[in-house]
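In what follows, every heavy atom counts, from backbone to side chain, and hydrogens, waters and symmetry copies are set aside. None of the values given here were measured: they were computed from a predicted structure.
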There are 2 protein chains.
Amino acid sequence: MPPTPEPKAAGLLQGTLDMMILQVLALEPQHGYAIASRLQQISQDVLQVQQGSLYPALHRLEKKGWLAAEWKESEQGRMAKIYSLTKAGKKQLAEETENWRRMSAAIGLVMGTAR
Amino acid sequence: MPPTPEPKAAGLLQGTLDMMILQVLALEPQHGYAIASRLQQISQDVLQVQQGSLYPALHRLEKKGWLAAEWKESEQGRMAKIYSLTKAGKKQLAEETENWRRMSAAIGLVMGTAR
DNA sequence: TCTACATACATCATGCATCTAGGTATGCAG
DNA sequence: CTGCATACCTAGATGCATGATGTATGTAGA
């Protein structure tokens with residue numbers, strides 16, 4: 001058998017995916033597939049974004065006007081849908097970030113992880 | 001109109017309620033209503049646990065064997081269902097706490113809140 | 001006494017984000 | 001020509017939080 005299956009980091013925290021997508025796009029426009037890779041990479045493999053979560057999220061955000069999409073060529077020389085933050089998306093990101101801070105701080109208080 | 005409606009701290013982070021209930025009960029056995037009050041108080045009013053979330057969660061946790069329930073008199077002199085952590089619940093709490101740390105740290109990395 | 005409010009439990013319908021599992025298509029390495 | 005990484009997508013199931021609603025009791029105040 002394999003060396004030890006590794007518990008495998010479970011799913012995402014509900015509600016944080018949208019925020020993280022906005023954050024990644026705030027740095028630089030990206031296509032979906034790349035966003036997922038970035039998140040996994042930045043988080044050192046803790047966050048694994050399933051495609052079945054990713055694409056619905058992108059469509060959700062675009063429909064709400066936080067994102068704009070455009071077909072372009074990716075770095076690998078293929079067509080890809082490049083997403084970028086709209087002005088409304090930037091505002092939304094600020095709001096969600098602030099809310100995350102409040103929430104995680106509150107949970108920290110409960111869990112005795114203050115500081 | 002009222003002085004300013006106050007944005008009102010939105011709901012909980014999906015998946016964190018179970019962990020927080022376990023944590024509160026790790027300090028001292030409590031009945032449901034008191035658990036909700038504690039959480040709100042400890043979090044300085046950021047976390048508002050709806051009864052429609054609370055009681056299903058308690059039943060969920062009891063069914064899984066993390067909690068044990070017993071009818072006793074509350075401090076206010078009424079009958080109340082007092083919940084306490086089982087041994088399995090203690091183990092579960094440790095696991096969920098560890099997972100929360102990993103997750104929130106990972107999100108912190110993404111959001112540039114490392115530290 | 002009557003009313004309102006806090007305590008204390010509970011369920012149901014709804015909404016919604018995520019996951020699993022499937023599918024299409026292309027380009028490149030072996 | 002086979003497999004893998006890239007790149008997009010959807011459908012169905014699951015599971016949790018919410019809002020609404022319901023019951024019952026004790027107590028403070030009018």
Side-chain angles (χ1 to χ4, degrees), chain A residues 8-22 29-41 46-64 66-67 69-83 96 99-100 103 106-107, chain B residues 8-22 29-41 43 46-64 66-67 69-83 96 99-100 103 107:
Chain A
K8 236 358 179 177
L12 304 171
L13 272 184
Q14 196 107 338
T16 59
L17 178 57
D18 290 10
M19 174 182 75
M20 293 193 291
I21 290 175
L22 294 174
Q30 298 278 339
H31 60 274
Y33 194 86
I35 294 172
S37 308
R38 285 290 170 115
L39 284 175
Q40 181 162 347
Q41 175 203 342
V46 175
L47 303 175
Q48 319 232 349
V49 183
Q50 308 303 319
Q51 300 198 337
S53 312
L54 176 69
Y55 293 109
L58 288 170
H59 301 159
R60 199 156 65 221
L61 295 172
E62 188 183 4
K63 194 177 294 181
K64 287 187 181 169
W66 317 138
L67 301 186
E70 193 185 356
W71 282 95
K72 275 190 195 166
E73 200 163 318
S74 78
E75 292 178 5
Q76 273 70 27
R78 296 145 162 271
M79 288 320 262
K81 210 195 259 181
I82 309 289
Y83 289 95
E96 293 197 22
N99 190 56
W100 162 254
M103 284 297 161
I107 294 175
Chain B
K8 232 0 181 178
L12 305 171
L13 250 291
Q14 195 108 331
T16 58
L17 178 56
D18 290 10
M19 174 183 74
M20 292 193 291
I21 289 175
L22 294 174
Q30 296 279 339
H31 60 274
Y33 195 85
I35 294 172
S37 308
R38 285 291 170 112
L39 284 175
Q40 181 162 348
Q41 173 202 343
S43 71
V46 175
L47 304 174
Q48 318 232 352
V49 184
Q50 308 303 319
Q51 301 200 333
S53 313
L54 175 70
Y55 292 109
L58 289 171
H59 301 158
R60 201 155 64 220
L61 296 172
E62 189 184 2
K63 194 178 292 180
K64 287 186 181 169
W66 317 137
L67 301 187
E70 193 185 355
W71 283 95
K72 275 189 194 167
E73 200 161 321
S74 78
E75 291 178 5
Q76 273 70 27
R78 298 148 161 267
M79 287 321 263
K81 210 195 257 183
I82 309 290
Y83 289 95
E96 293 198 22
N99 191 56
W100 162 255
M103 285 297 161
I107 294 173

Looking at [X] and [Y], what are the two nearest heavy atoms and their distance?
X: A:Leu58; Y: A:Gly32; result: CD1-CA, 3.7 Å
X: B:Pro56; Y: B:Gln51; result: CD-O, 3.9 Å
X: A:Gly15; Y: A:Glu96; result: O-OE1, 4.4 Å
X: A:Asp18; Y: A:Ala57; result: OD1-CB, 3.9 Å

Please report the distance, rounded to the nearest Å, between [atom1] in [X] and [atom2] in [N].
X: A:Tyr55; N: C:dT18; atom1: OH; atom2: C1'; result: 16 Å
X: A:Met20; N: C:dA17; atom1: CE; atom2: C1'; result: 13 Å
X: A:His59; N: C:dC16; atom1: NE2; atom2: C1'; result: 17 Å
X: A:Tyr33; N: C:dA25; atom1: OH; atom2: C1'; result: 14 Å
X: A:Leu54; N: C:dT20; atom1: CG; atom2: C1'; result: 15 Å
X: B:Lys81; N: C:dA8; atom1: NZ; atom2: C1'; result: 11 Å
X: B:Gln51; N: D:dT23; atom1: CD; atom2: P; result: 15 Å
X: A:Ile82; N: D:dA7; atom1: CD1; atom2: C1'; result: 11 Å

| request: For DNA chain C, find the residues of residues 69-78 of chain A with a heavy-atom distance under 4.0 Å and give them by number; none if there aren't any. | output: A:Arg78

| said: Going by side chain to side chain contact (heavy atoms under 4.5 Å, CB included), name the residues that satisfy it together with B:Gln14, two or more places apart in sequence or in a different chain. | reply: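 Partners of B:Gln14 by the side chain to side chain contact (heavy atoms under 4.5 Å, CB included) criterion, ordered by chain and then number, come out as A:Gln14.
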
| query | Can you name the residues that form a side-chain hydrogen bond (donor to acceptor under 3.5 Å, both in side chains) with B:Arg78, not counting sequence neighbours? | reply |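 Checked B:Arg78 against side-chain hydrogen bond (donor to acceptor under 3.5 Å, both in side chains); zero matches.
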
| field | side-chain hydrogen bond (donor to acceptor under 3.5 Å, both in side chains) partners of B:Gln40, counting only residues at least two apart | value | B:Asp45

| field | A:Gln30 side chain reached by A:Tyr83 side chain, heavy atoms, under 4.5 Å | value |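 A:Tyr83 does not reach A:Gln30 side chain to side chain.
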
| A:Val46 versus B:Ile107: any side-chain heavy-atom pair under 4.5 Å? |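 When only atoms from C-beta onward are counted, B:Ile107 and A:Val46 do not touch, as no gap falls below 4.5 Å.
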
| Within the side chain of B:Ser43, is there an N or O that forms a donor-acceptor pair under 3.5 Å with the backbone of B:Leu39? |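 Answer holds: yes.
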
| request: Report yes or no: does A:Ser37 contribute a side-chain atom to a donor-acceptor pair with the main-chain N or O of A:Tyr33 at less than 3.5 Å? | output: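 Flag set: sc A:Ser37 to bb A:Tyr33 pair under 3.5 Å.
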
| request: For the helix from C:dT1-D:dA30 to C:dG30-D:dC1, measure the angle between the helix axis at one end and the axis at the other, each built from five pairs, rounding to 10°. | output: 10°

All N/O contacts under 3.5 Å from nucleotides 15-17 of chain D to the protein, with atom names and distances to one decimal?
from   : atom 1 : to      : atom 2 : distance (Å)
D:dC16 : O4'    : B:Gln14 : NE2    : 3.2
D:dC16 : O2     : B:Gln14 : NE2    : 3.3
D:dA17 : OP2    : B:Arg60 : NH2    : 3.1
D:dA17 : O4'    : B:Gln14 : OE1    : 3.3

